[in-house]
Amino acid sequence: MASEIVNFYRDRSVFITGGTGFFGKILIEKLLRSCPGLKNVYVLIRPKAGQDPKNRLQDLLSAVAFDNIRQNHPEFFSKVIPVSGDISRDELGISPQDLQMMSETVSIAFHSAAVVRFDEPLKSAIELNVKGVKRMLSVCKKLENLEVLVHVSTAYVNSTRTELDETIYRPLCDVDNLISTLDWLDDQAANSITKSLLNGAPNTYTFSKSLGEAVLNSEAGEVDFKIVIIRPSIVTASWKEPIPGWVDSLGGTTGWFAGSAAGIFRTMYCHTQMAVDLIPGEFPVNLMVTSAWDALKQNRSQQHINPTVFLASTGQNPVTWAQCKSTMYPLMFEYPFSKAVWPPTGSFKNNTLLHRVDQFLYHIAPAYLLDGAFRICGRKPFMVRLHKKATKVLDCVQFYTTHEWRTRSDNTCALIQRMNAIDRAIFNFDSRTIDWDEYLCTYYLGIRKFVLKDELHTLPAARTRMRRLLVAQFSFRLALAVLIARTLLRKSETARTMWHMFGSTVAGYFVSLTSQLF
């Protein structure tokens, strides 16, 4: 039995936006490695910091994610062609020459470029996640041989509902009216009315992505190519490919677990028994690659709905925050971070007051004390600034740590059934196959290696450091307890009486025990 999907991509060329991001790197690597007959991969790359697109492409391909190809098939890299452009510019900033070149060869486009920060100013989020979709559609209409556009959205576009499914609902506002309004507002004015404009959406990211889908939905009947929308949940480190545990940024849950391993994050407001919809990076990428094949296969049988939505979620195989903590926190002691500043003994809180108290005791107060010590020693303070950034990140994700959704992924499950056994093995996106204990271990070790830059040879020194930090923590707690006890004994007659009663009881117990033994 042969792979239908691998054969489908033979002699085809694809166009990718967002190729320099985490998602894009996995997609490029997957196409090169699993579809060796692929002709070319055109990647939109913005000139940046004095680097032209060719130099940025070399930096991209030097990432660890491409080690497998670099060792076994370095010739595949010649298939990757940089296209100078910018998603914030008309026609994506692509030159007429490059556009003509792609028009003659590209039959599949993958659009993953987006701003993914939850706290992005609304004007910026609309500029890239809504207007950017319009510009992508404009370019796609000029690609004469284009057959499929695969767009990456988010599972949380409908997060104001209790169920996440594969339906495109009516947009929260009129897209064109919103764009017109924001065009004549300055940044300050736009920021001041953002909350009212969001119309219940938790942040500018999900709001703008939902409007981006609305743009695609309104254009679907007017274009000659098929449109597919992929909605991944919380994308995390890879499970098995391109490299187990690979992740290259501190976004989302990765930042929390990295900060916890370093002893920086000590508390997070979270409902621990709720499911956290983590999805390993390669799963939505495999779904993207497969969905393009399926769109044309279904089109030939007159069964394709334009656009078709696929949900990349682990709703059928859920894991809770409590499971994540119970699996990953022991690993933080077994494989500690070599530059940890405190033992990873933080915790999740489902009570806002307790969370704020712990924030003050373990985040705010230590930050100011350390910065004071730095100033005395003539060093530049940074802990308060770091704490404020960390708090802002945690506040942004709080919506997702305190809510839970039912999921329906009928289209995704049906697609799995349409694949043959070979393709299900090569392009696996079935979340029911995830072994959470194995994956969470891989995820943490990936954070340690790829984000915190700790190789295995640092383990002996890291474990020695952790033992010292544990001694320091115990000593600090003991000193604090003694200080509190001495203060109470000095100030309160009742406390002194209770202390003497406690001492007498303990002494009596030991006298009784000694008499029984001897």
Side-chain angles (χ1 to χ4, degrees), residues 1-19 23-45 57 60-61 66 69 73-83 85 92 94 97-113 136-137 139-152 223-230 241-242 282 284-301 304 306-308 310 415 418-420 422-429:
M1 183 184 297
S3 167
E4 292 183 46
I5 298 173
V6 171
N7 186 62
F8 167 78
Y9 279 94
R10 182 170 288 112
D11 296 325
R12 288 183 178 271
S13 291
V14 303
F15 172 49
I16 297 174
T17 70
F23 219 69
K25 290 171 187 171
I26 298 179
L27 175 60
I28 294 169
E29 195 277 343
K30 180 64 178 183
L31 287 169
L32 292 177
R33 176 170 49 84
S34 297
C35 303
L38 190 70
K39 185 177 180 181
N40 288 123
V41 178
Y42 295 97
V43 183
L44 186 74
I45 300 180
L57 177 64
L60 184 158
L61 297 178
F66 295 93
I69 295 176
H73 295 285
E75 68 277 10
F76 287 176
F77 288 139
S78 63
K79 299 180 180 184
V80 185
I81 300 172
V83 175
L92 303 182
I94 300 174
Q97 295 80 9
D98 285 343
L99 194 58
Q100 179 60 36
M101 173 181 63
M102 291 196 299
S103 177
E104 295 170 357
T105 59
V106 169
S107 59
I108 301 167
F110 296 100
H111 182 52
S112 65
M136 181 67 177
L137 278 170
V139 167
C140 287
K141 291 175 183 178
K142 296 178 179 178
L143 301 180
E144 297 176 0
N145 292 299
L146 188 70
E147 296 179 277
V148 186
L149 166 62
V150 180
H151 170 77
V152 180
V223 297
D224 296 329
F225 48 85
K226 303 306 171 186
I227 298 176
V228 175
I229 296 174
I230 306 296
E241 57 176 355
E282 71 264 37
V285 164
N286 285 337
L287 178 55
M288 290 170 67
V289 175
T290 303
S291 67
W293 158 79
D294 183 69
L296 294 185
K297 181 178 180 180
Q298 293 295 98
N299 184 51
R300 286 191 288 270
S301 61
H304 184 267
N306 212 28
T308 301
F310 294 99
L415 176 53
R418 292 195 290 271
M419 301 165 68
N420 65 34
I422 295 295
D423 283 331
R424 284 197 294 270
I426 298 174
F427 303 96
N428 179 33
F429 53 86

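Looking at Arg424, its side chain does come within 3.5 Å of a backbone N or O of Met419 through a donor-acceptor pair. Remark: side-chain polar atoms of Asn428 are not paired, donor with acceptor, to backbone N or O of Asn286 under 3.5 angstrom.
For Glu29, the salt bridge (Lys or Arg N to Asp or Glu O under 4.0 Å) criterion is met by Arg33, not counting sequence neighbours. The salt bridge (Lys or Arg N to Asp or Glu O under 4.0 Å) test applied to Lys79 returns no partner, not counting sequence neighbours. Ser3 is linked by a side chain to side chain contact (heavy atoms under 4.5 Å, CB included) to Ile5, Val6, Ile422, Asp423, Ile426, Phe427, counting only residues two or more places apart in sequence or in another chain.
The shortest heavy-atom contact between Asn145 and Thr105 is ND2-N, 4.2 Å. Closest heavy-atom contact between Val43 and Gly19: CG1-CA, 4.0 Å. Counting all heavy atoms, side chain and backbone alike, Leu287 lies closest to Phe310 at CD2-CB, 3.8 Å. Considering every non-hydrogen atom in both Phe23 and Met288, the closest pair reads CE2-SD, 3.3 Å. When every heavy atom of Ala113 is checked against every heavy atom of Thr17, the shortest pair comes out as N-OG1, 3.3 Å. Annotation for Pro82 and Ile45: closest pair CB-CD1, 4.1 Å, computed over non-hydrogen atoms.
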Please determine whether side-chain contact (heavy atoms from CB on, under 4.5 Å) holds for the pair Ile94 and Phe15, giving the CA-CA distance in whole Å, both sets of side-chain angles, and the decisive distance to 0.1 Å. CA-CA 12 Å; Ile94 300 174; Phe15 172 49; 4.0 Å; yes
Go through the steps for Met101 and Tyr42 under the test side-chain contact (heavy atoms from CB on, under 4.5 Å), then give the verdict. CA-CA 10 Å; Met101 173 181 63; Tyr42 295 97; 3.5 Å; yes
Evaluation steps, side-chain contact (heavy atoms from CB on, under 4.5 Å), between Val228 and Phe110: CA-CA 10 Å; Val228 175; Phe110 296 100; over 6 Å; no
Report the C-alpha distance between Phe76 and Leu31 in whole Å, list the side-chain angles of each, state the deciding distance to 0.1 Å, and finish with yes or no for side-chain contact (heavy atoms from CB on, under 4.5 Å). CA-CA 10 Å; Phe76 287 176; Leu31 287 169; over 6 Å; no
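How far NZ of Lys226 is from CG of Leu296: 8.5 Å, rounded to the nearest 0.5 Å. Lys39 contributes atom NZ, which lies 10.0 Å from atom OG of Ser107 (distance to the nearest 0.5 angstrom). Going from atom CE of Met102 over to atom CG of Leu44 covers 7.5 Å, rounded to the nearest 0.5 Å. Rounding to the nearest 0.5 Å places CD of Glu104 at 10.5 Å from CG of Leu99. Atom CD1 of Ile108 and atom SG of Cys140 lie 12.0 Å apart (nearest 0.5 Å). Once rounded to the nearest 0.5 Å, the distance linking CZ of Phe77 with CD1 of Ile28 reads 10.5 Å.
Put simply, the side chain of Lys30 does not reach to within 4.5 Å of the side chain of Glu282, judged on heavy atoms. For the pair Glu4 and Lys297, the minimum side-chain heavy-atom distance is below 4.5 Å. Annotation: side chain of Phe429 is in contact with side chain of Leu415 (closest heavy-atom distance under 4.5 Å).
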